[in-house]
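In what follows, chains are A, B, ... by sequence order, proteins preceding strands, each numbered from 1.
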There are 2 protein chains.
Amino acid sequence: MARSSKITIRDVAARAGCGVATASRVLNRSGATSADSRERVERAAAELGFSFSAIGRALQSSRSMTVGVLVPSLANPVFAEAVQGTQEELRDAGYQCLIASSTYDPARDAEALGVLTAKQVDGLIVTMVAPEESPALGAARTRDIPAVLMFHDPRAGLLSAHVDNAAAAREVARQCAAAGHRATGFLALRFSTSDRSRARFTGFTQGCAELGMAAPVLVEVSEAEAASPDALARTLAAHPDLTAIFASNDFLAIALQRAARELGLRVPRDLSVVGFDGIEIGRHLDRPLTTVETDPEAMGRQAARLLLAMLRGETPEQPAPLPFTFRPGATLAAPAEDRDDDRAATRSPSAHPDQNPSLKRT
Amino acid sequence: MARSSKITIRDVAARAGCGVATASRVLNRSGATSADSRERVERAAAELGFSFSAIGRALQSSRSMTVGVLVPSLANPVFAEAVQGTQEELRDAGYQCLIASSTYDPARDAEALGVLTAKQVDGLIVTMVAPEESPALGAARTRDIPAVLMFHDPRAGLLSAHVDNAAAAREVARQCAAAGHRATGFLALRFSTSDRSRARFTGFTQGCAELGMAAPVLVEVSEAEAASPDALARTLAAHPDLTAIFASNDFLAIALQRAARELGLRVPRDLSVVGFDGIEIGRHLDRPLTTVETDPEAMGRQAARLLLAMLRGETPEQPAPLPFTFRPGATLAAPAEDRDDDRAATRSPSAHPDQNPSLKRT
DNA sequence: CTTCGCGCTGGAAACGTTTCCATCGAGGGC
DNA sequence: GCCCTCGATGGAAACGTTTCCAGCGCGAAG
């Protein structure tokens with residue numbers, strides 16, 4: 001049917017026997033047009049299978065109707081869900097998403113920002129390794145490209161769609177205290193390139209202090225360790241005194257339980273585990289995960305709404321952090337009275353805390 | 001520093017004291033230029049903080065260096081990972097991804113395709129509800145926009161990056177048979193808008209037939225049922241005869257185990273469960289999930305490579321389906337001798353198979 | 001000394017759209 | 001009957017880039 005080469009508004013105008021200006025006015029319902037030419041243009045367009053070239057439009061109006069979204073990785077469902085939310089919200093406003101991911105590499109963050117701005121995105125929604133230190137983000141802003149953060153705490157004059165990680169972590173501390181825990185740990189990826197993880201740790205530490213608990217032990221593991229139950233078990237064995245561990249995300253929390261089982265520890269009897277994020281799967285486990293539930297999709301949507309407001313020329317206020325819920329689950333309970341004995345009996349004899357470089361006290 | 005309004009190649013040329021043609025040649029390293037003007041143009045560009053407008057470029061070259069990616073939803077990690085892979089592979093070739101999701105709605109599929117082609121994407125990578133019935137996809141192809149499928153079986157002259165769902169399902173049948181199961185079920189979402197799920201069911205049915213097993217019972221549930229352990233348990237209770245259930249994806253498999261536990265059934269003693277996809281989390285469960293492991297990221301990468309070849313003007317062959325692995329896990333085992341008694345004792349009395357509309361025999 | 005060729009250069013067209021502006025015609029008020 | 005107004009229309013410019021083409025100067029070959 002349609003010729004394989006592009007149909008332009010010129011072709012439509014020619015077929016309708018009018019000028020391109022009229023055709024444009026009809027097709028955009030802008031400006032006054034007679035019923036007669038309206039009819040002719042519409043028929044011509046339909047017959048030709050015409051559709052606008054977004055490129056031509058963008059060039060002329062210098063609005064691309066595209067927004068750039070930068071996240072560390074879509075392989076992390078938390079970000080993927082957020083992007084899904086962003087996308088839904090933007091779609092309703094006629095915008096598309098150009099998506100880039102940095103794989104947690106600051107250099108890639110900068111590069112991606114460069115590419116996105118070259119593509120003339122109308123706005124930016126970003127989650128970066130270090131937004132405040134990013135010259136690329138600064139450059140985008142000096143070019144008057146509106147930008148909002150996602151997941152980060154608001155900073156440097158940028159609005160952000162986020163949850164209050166520190167407050168959520170304090171709530172976890174409260175719940176641990178209420179269950180009777182005194183010696184807690186915080187499990188995170190080493191070299192964590194996530195300021196969210198850091199915020200959770202400081203919040204947790206602060207909460208513990210307020211409640212008169214010992215400062216939590218920071219247990220850092222590499223990605224490789226986290227993926228290997230054995231390795232994780234060895235690291236865990238180096239901390240026999242801990243009765244509860246707050247993992248910086250649900251995946252770590254689940255992996256941690258596996259490691260605990262490897263050591264013969266029963267969760268939550270011998271070790272309580274709390275996660276973060278509230279991924280769906282956590283509900284469906286035999287022993288539902290105790291975690292802090294957040295709503296990444298809502299975060300994505302809020303970021304999109306903020307950006308849309310800015311694109312409309314408004315100057316929205318920084319909204320309150322999105323709510324989080326402590327989801328009780330079944331992996332946090334009072335520590336068993338006799339747990340120390342159990343623990344000593346099953347602890348791997350090869351564990352030497354002093355030699356373990358991932359052990360840090362704060 | 002930079003003026004807030006756009007810097008064009010014209011500005012660079014003016015500052016370098018040369019014509020735009022020369023500036024373009026220098027900045028693109030195309031055509032002959034003197035060392036002198038090269039130096040001047042480069043300095044001017046640097047001083048001005050110039051960067052090309054991808055829009056201007058796209059308009060002139062009619063190549064946008066953007067490819068459209070359409071998936072049902074990024075909230076499904078399988079698709080999110082695939083997109084991540086696609087993106088990585090395309091990025092290395094200088095392409096960006098315009099991503100759209102349909103939320104499993106065929107109308108949205110068509111709409112998204114329209115928007116993507118209007119944005120002048122150079123190619124398309126799609127996973128749709130019904131690719132063969134999509135006029136929008138046909139329209140894109142008549143406009144000479146190269147397209148490749150992802151997850152789907154190759155069809156209608158389109159190449160696809162996929163796994164052989166039917167073969168994988170036959171392998172599951174084989175494993176079930178080897179474990180001694182005779183009465184099996186297939187758990188899927190009702191009105192499943194996934195031809196992959198259908199392919200798995202037919203493959204499983206075929207495998208069962210070849211191995212002399214009874215045809216599997218198709219157990220369909222709504223999304224709501226799948227999300228509610230109680231509802232899923234009621235449905236499961238309607239099938240007391242089944243000793244093994246193949247779930248159409250890992251999430252269903254995990255939810256199913258929860259439901260089984262609700263009925264007092266032990267997995268795998270009383271009921272074996274096999275999943276599909278091989279999501280990471282399945283490995284870390286207390287009872288690692290028996291499943292078919294696929295590699296969505298590899299699929300995304302392969303789709304990208306196919307498309308890139310087409311964009312280079314080559315006509316690649318349909319590659320072999322990507323490999324899958326049967327991951328043994330711990331949720332498939334021989335059915336217990338005495339399970340029928342257990343089952344009868346714990347079955348919910350409210351279950352009336354005849355009244356259950358989701359029970360179908362194939 | 002002329003001519004040829006070649007390296008380098010800049011003007012201009014083209015890509016597809018929107019919008020400003022000028023033009024044209026018709027209808028209404030005087 | 002004339003002029004003004006207003007609605008409808010089309011030409012053309014502009015957006016930023018690449019590339020064709022013509023022109024320039026200079027060196028080498030005859």
Given atom [atom1] of [X] and atom [atom2] of [N], what is their separation to the nearest angstrom?
{"X": "B:L27", "N": "D:dG16", "atom1": "CG", "atom2": "P", "result": "15 Å"}
{"X": "A:I9", "N": "D:dA12", "atom1": "CD1", "atom2": "P", "result": "17 Å"}
{"X": "B:K119", "N": "C:dG16", "atom1": "NZ", "atom2": "P", "result": "18 Å"}
{"X": "B:R63", "N": "D:dT17", "atom1": "CZ", "atom2": "C1'", "result": "15 Å"}
{"X": "A:M65", "N": "C:dT17", "atom1": "CE", "atom2": "C1'", "result": "15 Å"}
{"X": "B:R10", "N": "C:dG11", "atom1": "CZ", "atom2": "C1'", "result": "10 Å"}
{"X": "B:Q60", "N": "C:dA13", "atom1": "CD", "atom2": "C1'", "result": "10 Å"}
{"X": "A:I55", "N": "D:dT17", "atom1": "CD1", "atom2": "P", "result": "13 Å"}

Taking side chain as C-beta onward, heavy atoms only, is [X] less than 4.5 Å from [Y]?
{"X": "B:V67", "Y": "B:L98", "result": "no"}
{"X": "A:M299", "Y": "A:Q302", "result": "no"}
{"X": "A:S134", "Y": "A:L113", "result": "yes"}

Q: State which residues pass side-chain hydrogen bond (donor to acceptor under 3.5 Å, both in side chains) with A:R63; sequence neighbours excluded, sorted by chain then number.
A: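 Scan of A:R63 (side-chain hydrogen bond (donor to acceptor under 3.5 Å, both in side chains), adjacent residues dropped) gives A:Y95.
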To the closest 0.5 Å, what do you measure between [atom1] ([X]) and [atom2] ([Y])?
{"X": "B:T103", "Y": "B:N76", "atom1": "OG1", "atom2": "CG", "value": "12.5 Å"}
{"X": "B:F52", "Y": "B:L27", "atom1": "CZ", "atom2": "CG", "value": "4.0 Å"}
{"X": "A:T86", "Y": "A:R305", "atom1": "OG1", "atom2": "CZ", "value": "10.0 Å"}

(Q) For B:Q87 and A:S101, which I'm curious about, is there any donor-acceptor pair between the side chains at under 3.5 Å? (A)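 Side-chain D/A pair, B:Q87 to A:S101: present.
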**Q.** Nucleic acid contacts - residues 32-47 of chain A versus DNA chain C, non-hydrogen atoms under 4.0 Å
**A.**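 Contacts with DNA chain C under 4.0 Å: none.
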Q: Residues of residues 14-25 of chain A with any non-hydrogen atom less than 4.0 angstrom from an atom of DNA chain C: list those, numerically ordered, please.
A: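 Going residue by residue through residues 14-25 of chain A, the ones with a heavy atom under 4.0 Å of DNA chain C turn out to be A:A21, A:S24, A:R25.
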**Q.** Closest to the B:T8 side chain, choosing from C:dT17, C:dG16, D:dT17
**A.**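 From the listed options, D:dT17 comes nearest.
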Q) Reckon B:R57 has a side-chain N or O less than 4.0 Å from the OP1 or OP2 of D:dT18? A)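 Answer yes for this pair, as a side-chain N or O of B:R57 is under 4.0 Å from OP1 or OP2.
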Q.
Mind checking if A:L59 touches a base, just sugar-phosphate, or nothing, with heavy atoms under 4.0 Å?
A.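 Contact class for A:L59: base.
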Q: Scan A:S61 against the nucleic acid and name what it touches under 4.0 Å (heavy atoms): base, sugar-phosphate only, or nothing.
A: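 Touches nothing.
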(Q) Minimum heavy-atom separation for A:L137 and A:A147, please, with both atom names. (A)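 That closest heavy-atom pairing would be CD1-CB, 4.2 Å.
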